[in-house]
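Working notes, structure below.
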Amino acid sequence: MKILSVAEKNDAAKHIAGFLSDGNVQRKEGLSQYNKIYEFNYNFRGRNVKISMTSVSGHLLSYEFVGFYKKWKSCSPDDLFEAPVVKQCPQDFLKIKATLEREAKSSDILIIWTDCDREGENIGFEIISVCRKANANIQVYRAKFSEITKQSVKNAMNNLGQPNKQISDAVDVRSELDLRIGASFTRFQTLRLQKVFPDVLSDSLISYGSCQFPTLGFVVERYKAVQDFIPEPFWKIKVTHKINDLIVDFLWKRTRLFDQLFCQVLYEKCIEQPRANIIKVQTKPKSKWRPIPLDTIELEKVAGRKLKMNAKETMHIAERLYNQGFISYPRTETNIFPHNINLYNLVELHTGDNRWGQFAVRVLQEGVNPRQGKKSDQAHPPIHPIKYTDGLNGNERKVYEYIVRHFLACLSKDAEGLETVVEIDINNERFEARGLQILEKNYLEVYHYENWNVKEIHSYRQNDTFNPTSIELVDGETSAPNLLTEPELISLMEKNGIGTDATHAEHIDTIKQRMYVGLLDEIYFVPGELGLGLVEGYDSMGFEMSKPHLRAELENDLKKICENTKNPKIVLAEQINKYRDVFRKAVNQANKLDLCLSKYLKSRANIVENNLNSIVNALPENILKCSSCGSNMVLKHRQNNPSFISCQAYPQCRNAIWFPDKVIDIQLSPDTCVSCGNNVRLLKFKFRPGSMAPYYFDVHTGCVGGCDSQLLESLEINGAHSNFPHSDNNINSSGDTVRNSFINQNAMNRLNDQQGTTNRNFNPLSFDRKFNLANNSRNFRLDSAGDADIQCNCGVTARKYTVQKENANKGRQFFACSKPLGEPTKCTFFLWADNNAPQNNIFQDTNYDRQHSNYNRNFHNSNQNRDHSIPNFRAKKRAASTTINTRTQRKCGNCRQEAAPLIADVEQEENEETEIKSQAEDDEIEVEKESATKTENQNVKDFCDCI
DNA sequence: GCAAGGTC
């Protein structure tokens, strides 16, 4: 038995394997140089098994748009709320994926060891999907651990559970929304503002993101608070007491008053009887607490405050230190050391250093005493040094030193002191002075980043009196807050749930890159013209795009998905509807954005209409929604040939509606179909005279949305099949997932139906009627596929052939179903190997045109004597339904002509087998299989003259 | 040329 274990990153895989194997592990190279394979033997439930432990590098798959939706100007940004998206493996991770596939094939069990957080659960499902595709029978378990320590890891192995789909679903919802909302608003803003302000923004990328905009919002908000600040005068009474050279300040218990007259009255009272009565003298121990163990956010903030380095640079350096083995994993939310970590050993490494070595010795002598925080990400310990070095320079040295000093400080003791509080009364007004005596500096001796200053005070005794040196009426005025610094900005992001510990620095960097914000004196954030204009523009529309609560609301919903109290499909649909609504309203008043920006950009604004047509290329009009993927389907015209209707997600979705030669011309009618709804446009057909049944005029306006079965039959549009998915995921043969919010909307409608709620967005065509308008939708791989990855309609790997016949295609290679001749499920999948592009395969295939014309002419001729009265025609069709289905399947995959030997009815096909074979052998067409050692001539019958 | 989330 072999077990494949997969962690979220190489470092985790290495440690987990080390703990499980008690160090008896063999390291092997994976296909990705960064993700090794750790092999060891293990006693699993009483059996000796071999475990291969490897890793991914975070997410293995990510959502992307397909087909025309990828191109900025080839679709409306509004379409991106519904356009199909695929979850696929980016180029960078193909090697990791290949390692998983290879290892999964030879494994019986898969154990997921990703981090035990939300993203980790989702990454786990990505690993599962890849491994299951390679080995459908692999058994899956989830290891649940609270930290990567020996005890915790072994405990997890002994208590394996199942991965949690709800948690993973929540992440899918988050990812899909981020992509749809980000892409739609980014394209809209960028394309529009480039056009409105070509002089200053023609090369700018003006992005929108659910984290970057609130981050910008914080900067703008503080900036405006500073700008709009109106100082307010105040008054206060100050008392001093000087003995020798020491002046003690007594602060008024009322602090300050904003009423000058009232303050003056109180002041004069004090002056009248200025003798001070000491009413309380209290001396008590006071501690200054050592820091809590270091997490990422604290490192970023302290680096900004004390090391004068920004968060991005700090994290970059921390990663370098981690990769050199000097410090532990730097992206952690944990500020509690696990119980069984050997802190003594870690401290001991530093005893020889001439800067902090003595302190390290002292910590060992006094005993390590970690101050504990309250947070744990259940995966990584707090950031701490794991190797000693004195060889670093520059900022690396500074960051390493900080991490070491912080580590030693948090393990030592709090600083101890004595605080004296003296309270006096002057004619019923109270004042207070504080003194501080430091007894033991403790952690402060190593942690130079903090001060604790002695404050001397005279010796006072309760009930004594004295004459103050001065009693003054002091005036002042309130002052504006400072502009935001990076540590403050990070605190705000953390508090409002914007980004994660691993992404705060990136979001801040993004808004700098986009020129939304800049730095004043290298410390303070100020919004730039673009940032101010964008925030004000959306504010003026009434949308709080730059406020954090939109993201916070989503976060609440995601929690509910994880808790199984809210359906992910509903959350997704609700959020999409919400943002689409805002988007459309924003587009309708887009000139407000221009107006606000023109205030700041000091550039002439071109007038651009408040719509999306003005910023994208001329788009084809939508006819109906694709029954396969939910995208828009549009009319494609070809010179001198019939038009056809194509899915906008082509080539990933190959759903199309083809028309026979009897259709001479098709134009879009301005009207939509009353039966099928507003989503379906009527078409104006021009038929070849006499080609249609007598009751059709040569010019006919009709619907191909599914309501007019007579028309569909007459145009040979197959309405008998449906591959409309009954789940929200449209899984193709390769198992990759195509998600589409249009389909999700229907899923939500179904749920609403069950709950008895009104279904206002119901789409009769796609959900109820379930017509697959053309049964020629081809399967597609979403990975970047090599030859071996091409799959046919049956879902098996297609074979590669070479055309041998003396014709225009001689020498070209193509893929077709690899099943043997006579196999009833053999499909007519066809794909030119040198040419996946639509133009050559479908749009410009002159062979197809010729063949298709011939076919229709023959078909028409052979039927010319038939009784075309509808009942009779339909009865015949029903009687021969198997035949029709077979015929549909047996059309040539390339040109869609019904290849002559394959027109035969099902019942006859077997009987005709011999005859077909001999025909094939006589045929002069020769097709040679690319990889076969012998030629299988009988395959010839599957391909027609066009090949 | 889009997002945010992982991570070498």
Side-chain angles (χ1 to χ4, degrees), chain A residues 7-14 30 32-36 55-65 69-75 77 79-81 83 85 87 89-90 92-93 95-96 114-115 117-127 168 170-191 193-194 201-215 296 315-316 318-325 329-332 377 379-380 493 497-507 509-511 513-514 551 554-555 558 575 579 583:
Chain A
E8 191 164 316
K9 52 193 152 287
N10 181 63
D11 182 69
K14 183 172 78 183
S32 150
Q33 60 169 311
Y34 304 109
N35 303 81
K36 312 293 179 191
S55 58
V56 288
S57 291
H59 280 287
L60 184 60
L61 311 174
S62 69
Y63 281 118
E64 274 185 42
F65 291 112
Y69 299 105
K70 274 194 209 168
K71 298 178 187 167
W72 277 47
K73 290 191 174 180
S74 294
C75 73
D79 290 342
L80 301 178
F81 288 101
V85 288
K87 209 174 186 193
C89 183
D92 294 355
F93 295 142
K95 285 182 177 171
I96 298 177
T114 48
D115 294 355
D117 55 19
R118 205 193 270 170
E119 296 293 332
E121 208 64 22
N122 187 265
I123 294 168
F125 276 89
E126 291 170 359
I127 295 165
S168 173
V171 175
D172 278 338
V173 169
R174 197 265 312 143
S175 318
E176 193 178 330
L177 277 171
D178 284 340
L179 174 64
R180 291 187 186 283
I181 298 163
S184 52
F185 275 95
T186 299
R187 289 188 196 178
F188 159 62
Q189 290 178 172
T190 304
L191 294 176
L193 294 174
Q194 282 180 349
L201 297 178
S202 61
D203 296 325
S204 300
L205 173 64
I206 304 162
S207 63
Y208 171 84
S210 52
C211 287
Q212 50 179 267
F213 248 54
T215 307
T296 304
M315 288 313 292
H316 186 62
E319 276 168 29
R320 283 216 302 266
L321 293 173
Y322 161 71
N323 288 327
Q324 295 170 83
Y329 190 67
R331 283 186 285 265
T332 174
D377 60 18
H380 316 285
M493 292 171 78
I498 301 301
T500 69
D501 58 317
T503 61
H504 290 146
E506 279 179 38
H507 297 314
D509 193 58
T510 301
I511 60 172
Q513 297 290 329
R514 301 281 185 264
R551 186 75 185 180
L554 171 63
E555 196 57 36
L558 296 181
Q575 291 279 339
Y579 275 95
F583 182 80

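Throughout, a chain's letter reflects where its sequence line sits, starting with A, and its residues are numbered from 1. Both backbone and side-chain heavy atoms feed into the values below; hydrogens, waters and symmetry mates do not.
One atom, NZ of A:K95, and another, P of B:dC8, lie 17 Å apart when rounded to the nearest Å. Atom-to-atom, CD of A:E121 to P of B:dG6 comes out at 14 Å; the value is rounded to the nearest Å. Protein atom NZ of A:K14 is 15 Å distant from nucleotide atom P of B:dT7, rounded to whole Å. Protein atom CD of A:E119 is 5 Å distant from nucleotide atom C1' of B:dG5, rounded to whole Å. The nearest whole Å value for the distance from the NZ atom in A:K87 to the C1' atom in B:dG6 is 11 Å. The distance between atom CG of A:L177 and atom C1' of B:dA3, rounded to the nearest whole Å, is 11 Å. Summarising the geometry, the separation between CG on A:D115 and C1' on B:dG5 is reported as 12 Å, rounded to the nearest angstrom. Between the NE2 atom of A:H59 and the C1' atom of B:dA4 there is a distance of 9 Å, given to the nearest Å.
Cation-pi geometry between A:K9 and A:Y329 is met: under 6.0 angstrom from the ring centre, within 45 degrees of the axis. Taking the ring axis of A:Y63 as reference, the NZ or CZ atom of A:K87 stays within 45° of it and closer than 6.0 Å to the ring centre.
For the pair A:L205/A:R514, a side-chain contact is recorded, criterion being any heavy-atom separation below 4.5 Å from C-beta on. Within the 4.5 Å cutoff, side-chain heavy atoms of A:R174 are placed close to those of A:E119. Side-chain contact check for A:F93 versus A:V56: every heavy-atom pair is 4.5 Å or farther apart.
Nearer the 5' end of DNA chain B, as judged by each residue's closest nucleotide, is the contact made by A:T503, out of A:K9 and A:T503. Looking at which nucleotide of DNA chain B each of A:S207 and A:S55 is closest to, the 5′-most match is held by A:S207.
Residue-level contact check: A:N10 touches the backbone only, with heavy atoms under 4.0 Å from sugar-phosphate atoms and none from bases. A:S57 comes within 4.0 angstrom of a nucleotide base, judged by non-hydrogen atoms across all strands. A:G120 comes within 4.0 angstrom of nothing in the nucleic acid, heavy atoms only. Residue A:Q194 is in base contact, counting any heavy-atom pair closer than 4.0 Å across all strands shown. Here A:E506 lies in heavy-atom contact (under 4.0 Å) with a base. A:N122 comes within contact range of no nucleotide atom at all, as no heavy-atom separation falls under 4.0 Å. Counting non-hydrogen atoms under 4.0 angstrom, A:F185 reaches nothing in the nucleic acid.
Taking the side chain of A:A502 as heavy atoms from C-beta on, and the options B:dT7, B:dG1, B:dC2, the nearest nucleotide is B:dT7. Among the nucleotides B:dG1, B:dG5, B:dA3, the one closest to any side-chain atom of A:C211 is B:dG5. Taking the side chain of A:T190 as heavy atoms from C-beta on, and the options B:dC2, B:dC8, B:dG1, the nearest nucleotide is B:dG1. When distances are taken from the side chain of A:A183 to each of B:dC2, B:dG1, B:dG6, the shortest belongs to B:dC2.
Residue A:T500 has no polar side-chain atom (N or O) positioned under 4.0 Å from OP1 or OP2 of B:dA4. A sub-4.0 Å separation between OP1 or OP2 of B:dA3 and a side-chain N or O of A:R514 is present. Between A:S62 and the phosphate of B:dG6, there is no side-chain N or O to OP1/OP2 separation shorter than 4.0 Å. An OP1 or OP2 oxygen of B:dA3 is reached within less than 4.0 angstrom by no side-chain nitrogen or oxygen of A:S210. Residue A:R174 has no polar side-chain atom (N or O) positioned under 4.0 Å from OP1 or OP2 of B:dA4. Residue A:R551 places at least one side-chain N or O closer than 4.0 Å to OP1 or OP2 of B:dG5. Distances shorter than 4.0 Å separate some side-chain N or O of A:Y329 from OP1 or OP2 on B:dT7. Proximity of A:H507 to the phosphate of B:dG5: a side-chain N or O atom is located under 4.0 Å from OP1 or OP2. Residue A:Q212 places at least one side-chain N or O under 4.0 Å from the OP1 or OP2 atom of B:dA4.
Remark: the backbone N or O of A:I206 is not paired with any side-chain donor or acceptor of A:S204 at under 3.5 angstrom.
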Evaluate the side chain to side chain donor-acceptor pair (under 3.5 Å) criterion for residues A:D501 and A:T332: first the C-alpha distance (whole Å), next the side-chain angles of each, then the deciding distance (0.1 Å), finally the verdict. CA-CA 7 Å; A:D501 58 317; A:T332 174; over 6 Å; no
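By the criterion of a centre-to-centre distance under 5.5 Å and near-parallel planes under 30°, the ring of A:W72 forms a stack with the base of B:dG1.
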